[in-house]
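The block underneath contains the structure these notes are about, expressed in structure tokens.
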Amino acid sequence: MSDEFLKYSTAALHGDADVREWGDVAPPIHVTTITEYEEDPAKLFVAGTRPRDPSRPAPYSRIGHQNTERVEAVLEELLDGPSVLYSSGLSAFHGIISLLNPKRVFIGKGYHGIHGVAHILQRTGLQLLPLEEIDGKIEKGDVVHLETPVNPTGLALDIELYAKKAHDAGAKLIVDATFAPPPLLHPFQHGADYILHSASKYLSGHSDILAGVITTKDTEFKKQLVADRAFIGTILPPFEAWLLLRSLKTLPIRLRVQSENVNKIVQFLSENKSKLPKLAKIYHSNLQTEDFVKKQYPLGGSPTFAIEVSDEETAKALPNALKLFYHSTSLGSVHSLIEWRAITDPDVSTTLLRISVGIEGADDLINDLAKALK
Ligand SMILES: *Cc1c(COP(=O)(O)O)cnc(C)c1O
């Protein structure tokens, strides 16, 4: 097993050392929405004339609270930059787009919900252009939104390529890296300007938290996102933040097992495809041959991938023929999941199944899949 994963365990467990209070090992949940002001009248100032003293808790929890700040400290280390937590991945996307406020966003295929947010922003004048039309059209001030590995297939797109196209034109690149959290992918190393994660997936890892993150390269930009978040009201609530902090402690070991499992499963399926009559196609970045894939995913691809089966009927029946995969949406959980994806996304082929690999034994998962595909 690769030690690359465990290097991250130190940050996952100790990244919040500076924001720890009163020597607590397991943190409390701060449910208060308000905190007391300074007692000393000399320390009371008119709103907006002084920055908030970071050594004191925020006066109102829509602005900030200790549970969220503590998780952000851990995420800053895991995700390579100052990070802002939101109540969902979609509100994180809304937060970054509202602050950048571009006239145009180039956006590719991918998670349908992100497109839903983009369509809401179209009402106030945002123009959406397909990612394929970027050449010759991209201009200064535009934003490129790249999802990689992309939903629902888990195929990798070249971050460096789109970073160059964006930066040559004076545009910015957001990478939605939800499918490949660290250490699988480090989007800043390949030219991304901002990273988005739906923390509802791998970062939380147990299908019990809705959360999102934007990671930036500088603290000033983070402050602006936090200021906007205070008005939009999309901060992650205390209980979810507390639970996410707990979940992050096991991210590296969860991901190490999920990653090893998916590598074995994809290899098995591709080597035995001819013996599995119902299996028509396998999508996963481990099967891609372009040079950038190995460079950007040195440890292998996302633990989420997709298959196509012979026909729609088989696709609808397969989830129930499996014992170890829940037929459910979402991804990133410790439990393996499978989804007949057309249920959620009408633009996806009706023979496609998305599979999110959990931490069960790889051989058990392989046997389960092989039996059902025969
Ligand atoms: C789930 C998901 C989102 C949206 O995140 P929520 O936390 O569900 O709001 C965004 N992008 C991708 C790639 C996702 O899988």
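Counting starts at 1 for both ligands and their atoms, in listed order. Quick caveat, the model's predicted, so the values are computed rather than measured.
Partner H145 forms a ring-ring contact (aromatic ring centres under 6.0 Å, His included) with one of F93, Y111, Y162 and no other, that one being F93.
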Per-pair distances, ligand 1 N/O vs protein N/O, less than 3.5 Å:
residue, atom, partner, partner atom, Å
ligand 1, 5 (O), S198, OG, 3.0
ligand 1, 7 (O), G89, N, 2.8
ligand 1, 7 (O), S198, OG, 2.8
ligand 1, 7 (O), S200, OG, 2.6
ligand 1, 9 (O), G89, N, 3.0
ligand 1, 9 (O), L90, N, 2.9
ligand 1, 11 (N), D176, OD2, 2.7
ligand 1, 15 (O), K201, NZ, 2.8

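A salt bridge between E160 and K295 is present, with a side-chain N of the basic residue lying under 4.0 Å from a carboxylate O of the acidic one. Here K103 does not pair with D142 in a salt bridge; the nearest charged N to carboxylate O distance is not below 4.0 Å. Using a cut-off of 4.0 Å between Lys/Arg side-chain N and Asp/Glu carboxylate O, E139 and K172 are scored as not salt-bridged.
E339 and S328 share no side-chain donor-acceptor pair at under 3.5 Å.
Residues forming a ring-ring contact (aromatic ring centres under 6.0 Å, His included) with F221 (at least two apart in sequence, or on another chain): Y194.
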